[in-house]
Amino acid sequence: MAVPAAQPMSRRPANPPRHTLAEIARVAGADPAPGFAEVTVTGVAQDSRLVVPGDLYIARPGTVAHGADYAAQAAHAGAVAALTDPSGAAACREADLPTIVVPDPQSVLGPLAAWIYGHPSRDLLMLGVTGTNGKTTTTFLLDVALRQAGHRTGLLGTVETRVGEEVLPSARTTPEAPELQALLALMRERGVTAVAMEVSSHALTYGRVAGVVFDVAGFSNLTQDHLELHGDLESYFAAKAALFHPDRARRGVVNLDDHYGRRLARHAPIEVVTCSAAGAPGADWRAEAVHLTSDGTSRFRIVGPEGARYALNLNLPGDFNVANALLAATMLVTAGVEPAAFVSAFAEFTGLPGRMERVPGPQDFSVIVDYAHTPDAVGVVLRSARQWTKGRVIAVLGCGGDRDQGKRPLMGQVAAREADMVVITDDNPRSEDPARVRRAILDGACAVPATERGDVVDVPDRREAIRWAIGAARPGDTVLILGKGHEQGQEVAGVVYPFDDRVVAQEVLHEMSETTQAAERRVAGP
Ligand SMILES: CC(=O)N[C@H]1[C@@H](OP(=O)(O)OP(=O)(O)OC[C@H]2O[C@@H](n3ccc(=O)[nH]c3=O)[C@H](O)[C@@H]2O)O[C@H](CO)[C@@H](O)[C@@H]1O[C@H](C)C(=O)N[C@@H](C)C(=O)N[C@H](CCC(=O)O)C(=O)O
Ligand SMILES: Nc1ncnc2c1ncn2[C@@H]1O[C@H](COP(=O)(O)OP(=O)(O)OP(=O)(O)O)[C@@H](O)[C@H]1O
Ligand SMILES: N[C@H](CCC[C@H](N)C(=O)O)C(=O)O
Ligand SMILES: [Mg+2]
């Protein structure tokens with residue numbers, strides 16, 4: 001008997017609420033036109049490629065196009081109506097879509113999507129994490145602890161999306177509002193009770209989480225990244241701080257070891273619980289007696305109000321992961337989760353894809369793939385590696401094209417200072433000239449006085465760069481391949497070529513062991 005092929009899981013609830021277009025117009029603050037009462041809407045999309053039959057298509061102006069340019073595609077895919085601004089109205093009506101017109105579709109998108117799906121986040125324990133680095137790690141830790149506490153969980157973030165046991169790919173760190181609300185509705189329908197999600201600064205800027213009030217929002221840290229979107233650090237901070245507002249979160253947990261965290265804790269207009277892994281005065285929760293081992297684990301104690309103390313074991317390397325675990329633990333306590341749940345869940349957690357992930361092999365040096373793609377993260381992981389490495393620290397790194405240009409020389413600079421050898425290479429050049437991107441990293445590296453920096457080489461092709469670094473490694477060295485982590489593609493001029501640092505490193509190690517064995521056979525003779 002033929003076994004039916006597994007169907008890819010939908011990202012939409014199977015039984016969405018049904019609304020008339022007249023109701024939707026009222027919620028959006030527009031006039032319900034005649035005929036709107038006869039149109040039934042069962043979902044919402046702001047991208048024509050994601051429209052399913054029964055959807056309201058939100059045609060909003062973007063930086064590249066106007067959504068109304070795709071109204072005909074949306075209608076063809078089954079959209080039953082459109083919501084747009086005055087400049088998009090004609091195109092939507094030409095596509096035969098009954099059209100609601102509002103001044104700013106972007107601003108109604110989040111709340112309207114939440115309303116259309118029946119406010120699913122209100123029925124879920126919602127934990128959201130923002131910050132430049134550590135969001136994915138912290139949400140994975142939240143997820144295992146919530147499950148240990150008996151919740152059925154949802155996870156939304158950079159690496160993947162989980163609805164209970166089902167795993168779906170993630171296109172973004174934080175989905176657009178219509179996709180987010182549909183996923184939350186699907187989670188509720190599938191019996192999920194708690195959600196750990198990453199909230200990127202893009203999400204806060206574009207209103208992707210408007211329509212969600214988090215039970216607890218966490219702030220990890222803020223250092224340079226994404227200035228191509230925010231312009232300067234102050235605006236970047238303002239975007240992140242917007243999560244800590246009564247419209248977005250009931251309570252906040254803030255890391256006091258970070259300069260912006262201290263500012264946030266002082267000024268946030270919601271109740272804030274603070275934490276510190278580095279002894280910041282006045283923190284509600286602290287990590288103490290931190291013991292980092294050379295095999296990439298740590299033991300420490302977290303100490304909180306009223307004599308609360310818990311001993312934690314973590315199978316993640318570096319003091320930055322102690323900070324992530326402390327943030328997760330403080331968020332969990334603040335959400336009312338039993339501490340016993342995170343004590344055992346953290347001890348059993350064995351790591352997450354592409355974050356300080358060891359590439360297995362018989363070689364007598366370490367090869368590690370990590371997602372460090374900011375100056376702070378590069379410095380933090382290289383300094384950590386220095387602590388346990390007997391030999392030299394060798395870093396492979398590049399910077400993404402079409403992203404923050406200012407971070408490139410800073411990443412080059414910190415890598416040159418902290419590593420013994422830096423191999424500069426490509427990382428998702430996107431639409432940019434890859435040589436220009438590498439030049440900027442190289443300029444930063446070479447600005448470090450020669451006596452204070454390691455050797456620096458430029459190897460454009462990423463596979464060759466990995467081969468170069470692994471080829472240079474001697475017993476006791478650590479090779480850190482940075483920036484792409486779990487990513488499975490290299491994006492060059494609009495084309496994504498399959499590329500996974502972990503796979504490539506393994507292939508290179510394999511090639512090298514074959515070559516060594518062949519040479520040994522030649523030496524040994526027939
Ligand atoms: C800077 C940014 O985030 N831009 C996002 C934004 O683009 P935009 O406003 O310019 O929109 P546009 O491309 O002009 O299109 C206008 C409208 O037409 C629609 N459209 C467009 C084409 C089409 O065929 N059909 C269609 O309906 C679009 O969905 C949109 O509604 O809205 C688009 C539609 O949702 C997103 O695809 C696009 O994300 C781009 C691709 C992106 O790369 N975003 C990244 C940087 C991002 O969001 N990253 C963050 C943080 C990462 C991290 O640090 O972890 C994330 O959360 O992932
Ligand atoms: N608390 C931290 N402080 C500084 N660097 C960190 C911290 N946690 C992790 N890192 C570094 O940042 C990298 C990315 O970590 P993670 O994926 O958890 O962060 P993220 O905030 O989700 O990143 P992204 O915004 O790209 O999704 C890690 O691979 C590590 O190099
Ligand atoms: N999620 C982040 C990290 C990508 C890291 C790096 N591989 C790059 O392409 O810049 C971003 O979208 O900026
Ligand atoms: Mg992430």
Side-chain angles (χ1 to χ4, degrees), residues 128-142 155-161 170-174 196-203 218-230 236 240 255 257-258 261 275 277-278 287 316-328 351-357 368-385 395 397-405 407-408 411 414-415 425-432 434 437 441 462 480-492 496 499-501:
V129 184
T130 199
T132 306
N133 293 309
K135 300 183 294 296
T136 302
T137 310
T138 305
T139 50
F140 268 70
L141 288 167
L142 291 173
L155 178 74
L156 290 152
T158 317
V159 172
E160 62 193 21
T161 300
S170 287
R172 305 267 156 72
T173 289
T174 311
M197 80 175 268
E198 293 181 55
V199 186
S200 66
S201 60
H202 289 72
F219 175 90
S220 61
N221 47 58
L222 188 118
T223 58
Q224 180 161 347
D225 201 6
H226 300 310
L227 297 193
E228 80 287 1
L229 174 68
H230 301 289
Y236 180 29
K240 298 263 184 212
N255 170 20
D257 297 329
D258 181 89
C275 61
L316 297 174
D319 44 10
F320 56 98
N321 277 315
V322 172
N324 294 334
L326 175 66
L327 178 65
L352 64 163
R355 309 300 186 274
M356 298 307 274
E357 185 175 341
I368 292 173
V369 168
D370 183 69
Y371 200 46
H373 55 79
T374 66
D376 186 47
V378 170
V380 154
V381 297
L382 292 178
R383 280 191 292 275
S384 277
L397 93 157
C399 289
D402 302 338
R403 296 286 186 271
D404 189 347
Q405 298 191 12
K407 73 177 177 179
R408 296 171 188 168
M411 284 169 66
V414 70
T425 190
D426 292 342
D427 176 347
N428 294 328
R430 302 194 175 88
S431 74
E432 287 196 57
V437 177
I441 308 171
R462 197 167 176 98
L480 280 142
I481 305 167
L482 303 177
K484 291 182 76 66
H486 65 287
E487 289 179 4
Q488 292 175 18
Q490 178 82 316
E491 186 178 339
V492 187
V496 181
F499 198 99
D500 183 324
D501 281 350

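As the structure lists them, so they are numbered: ligands from 1, and atoms in each ligand from 1. Note that this is a predicted model, so its numbers are computed, not measured. Nothing fancy with the numbering, it's 1 onward along the sequence.
Backbone or side-chain N, O or S atoms of T136 reach the Mg ion (ligand 4) at under 2.8 Å. Residue S200: no N/O/S atom is found under 2.8 Å from the Mg ion (ligand 4).
Between the side chains of N133 and T374, at least one donor N or O sits under 3.5 Å from an acceptor N or O. When only modelled atom types and interatomic distance are considered, T158 and Y371 share no side-chain donor-acceptor pair under 3.5 Å.
By the 3.5 Å distance cut-off applied to N or O atoms, D376 is not counted among the residues near ligand 2. Remark: ligand 2 and V381 share no N or O pair separated by less than 3.5 Å (distance only, no angle test). In terms of N/O distances under 3.5 Å, ligand 2 is approached by Y371. Taking any N or O of D370, backbone or side chain, at least one lies under 3.5 Å from an N or O belonging to ligand 2.
The parts of N133 lying near ligand 2 are both backbone and side chain, judged by heavy-atom distances below 4.0 Å. Here E491 has no heavy atoms under 4.0 Å from ligand 3, in either its backbone or its side chain.
Against a heavy-atom cut-off of under 4.0 Å, R430 is close to the following atoms of ligand 3: 8 (C), 9 (O), 10 (O). Every atom of ligand 2 with a heavy atom of T158 under 4.0 Å away is listed here by number and element: 27 (O).
Using a 4.0 angstrom heavy-atom cutoff, H226 counts as in contact with ligand 3.
As for E198, its N/O/S atom nearest the Mg ion (ligand 4) is the one called OE1.
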